[in-house]
Visitor: 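Supplied in structure tokens, the structure appears directly below.
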Amino acid sequence: MSAFALAGFLAGLVTLPLGYAVFAALIVVLALPGALLPRGGARLCPEDRWLLLALLLFGLHLVLDASRGGAPVGHQTASTLPWWPLAAALVLVGWRRFPPAGVALWWGAAFGALAACGIVLVRWLALGVDRVHVPGINAIPFGNLSLVLGVLSLVWALRLSQMPLLFAAAALAGLVASLLSGTRGGWVTLPVVALVLLLCQGEEIRRLWSARPLRTRLLAVAGVVLVAAFAVWQALPRAVALVEDLRGYLHQGVTRTSVGLRLDMWHAAWALFLQKPLLGWGEGAMMPELRRLIAAGELNEQARYFGFQLHSDVLDTLARRGFLGLITLLLMYAVPLAGFVRRLKCADVDVRVFALAGTLVVLMFAGFGLTQSQFRDERSFAAYLVLVVACWVLMRPKPIDPVKS
């Protein structure tokens, strides 16, 4: 059942408006027996405890921040959002004893990417709009998460010696869905993804390439050229708009553009952090202060349409929760990343592939967070927590002695 919940979560992540929430709740419920058992199963090792600590610190800080200043607990994007890292910690303990089947991760990601691409292709052809996404889901998390699902499918396609076509198609589908969404923040992660894949999967890529007949390789080259042309065709207008927006902000102070508004919000976030650098403004005081800045003409009024999230995980965290909040945020990235990178050269191929998947998930979400407050978006936050914990436990189905690993 845990495998079904994990696969369902990924398959419906960007295609079903409430699918991610339903399957995430199911994941937590199914992990309870493993988390509450006093004995038996795999025990937590030191690295598990570090990840557990990172989740608990981040979650507790969110809960305490949401409750101070008279704000109700969870007064953020979703009423329960501050508690999600604590639920992820519970899932980590439960899954370390009873991990889901690893194939659930790959099949869920593949079907999620294919479904996302299918829906947006139909809407793109039918509507002819520039930025296409699934109704009820913002284009930014849709594009970013579709790209993550596609990259995970690519990792597994490179691992397989048989039947890679479905997963290769899913990898392409995730990229196409991201391109059609027009989400530029996700595209900046692609060079990093390509570099990591070449460093970690270079041998597999060369082996797969040399094993194919000449005709297949020529078709592959032609396909890559067509995809590259499509990518340039879709991305170029957005790239040109980015340059124009940046020029307008720097030379004329225009903030009513996509880039100008982000820069305006970043400037406001930094100014707010400097006023209260240690603990930040807190969730309770942040909203009224942002409204005051808008009323005073110091922040573009369009910021209110983004739920007053400041489009940067780091700057938003600094403004709301100060330097202490930033420490807990960095631990959420650094602790799992260190654990994944440590096993990228493990002799066990299955360990390596899950470590690679986890490494790419952390790096991509960190890249997304440069221009978007990922951890204030329910769908993105849930995806990060589930994917990191899933890759972690699947990478390490049994406790590994840190001295011997």
Visitor: Please enumerate all residues that pass ring-ring contact (aromatic ring centres under 6.0 Å, His included) together with Trp106, with sequence neighbours excluded.
Guide: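 For Trp106 the ring-ring contact (aromatic ring centres under 6.0 Å, His included) partners, ignoring immediate neighbours, are Trp156, Phe354.
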Visitor: Are Arg321 and Glu283 close enough for a salt bridge, meaning some N to O gap below 4.0 Å?
Guide: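 Looking at Arg321 and Glu283, the cut-off is not met.
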Visitor: Salt bridge check, Arg96 against Asp48: does any charged N sit closer than 4.0 Å to a carboxylate O?
Guide: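 The answer is yes: the pair qualifies as a salt bridge.
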Visitor: Under 3.5 Å, which donor-acceptor pairs do the side chains of residues 170-178 form with other protein atoms, sequence neighbours left out?
Guide:
from, atom 1, to, atom 2, distance (Å)
Ser178, OG, Gly143, O, 3.4
Ser178, OG, Trp187, NE1, 3.3

Visitor: List for me each residue that meets side chain to side chain contact (heavy atoms under 4.5 Å, CB included) alongside Val193, sequence neighbours excluded, and say none if there are none.
Guide: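 Expected list: Val151, Leu197, Leu360, Met364.
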Visitor: For residues 10-36, pull every pair meeting ring-ring contact (aromatic ring centres under 6.0 Å, His included), keeping only residues two or more places apart or in separate chains.
Guide: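 Sorted pair list: Phe4-Phe23.
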Visitor: Return the set of residues passing ring-ring contact (aromatic ring centres under 6.0 Å, His included) with Tyr333 (not counting sequence neighbours), or none when no residue passes.
Guide: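 So Tyr333 forms a ring-ring contact (aromatic ring centres under 6.0 Å, His included) with Phe375, Tyr384.
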Visitor: Atom CZ of residue position Phe111 - does it have more than 12 heavy atoms of other residues, nucleotides or ligands inside 6.0 Å?
Guide: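 Count not over threshold, so no.
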Visitor: Should we count CH2 of Trp50 as having more than 12 external heavy atoms under 6.0 Å?
Guide: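 Atom CH2 in Trp50 is not crowded, with 12 or fewer foreign heavy atoms closer than 6.0 Å.
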Visitor: The criterion is side chain to side chain contact (heavy atoms under 4.5 Å, CB included); which residues satisfy it with Ala319, sequence neighbours excluded?
Guide: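 If we apply the side chain to side chain contact (heavy atoms under 4.5 Å, CB included) test to Ala319, skipping adjacent residues, the hits are Ala269, Leu272, Met286, Leu310.
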Visitor: Do side-chain atoms of His311 reach the backbone of Arg262 as a donor and acceptor pair under 3.5 angstrom?
Guide: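 It does not hold such a pair.
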Visitor: Are the aromatic rings of Phe273 and Trp281 close, with centres under 6.0 Å apart?
Guide: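 Aromatic pair excluded; centres sit 6.0 Å or further apart.
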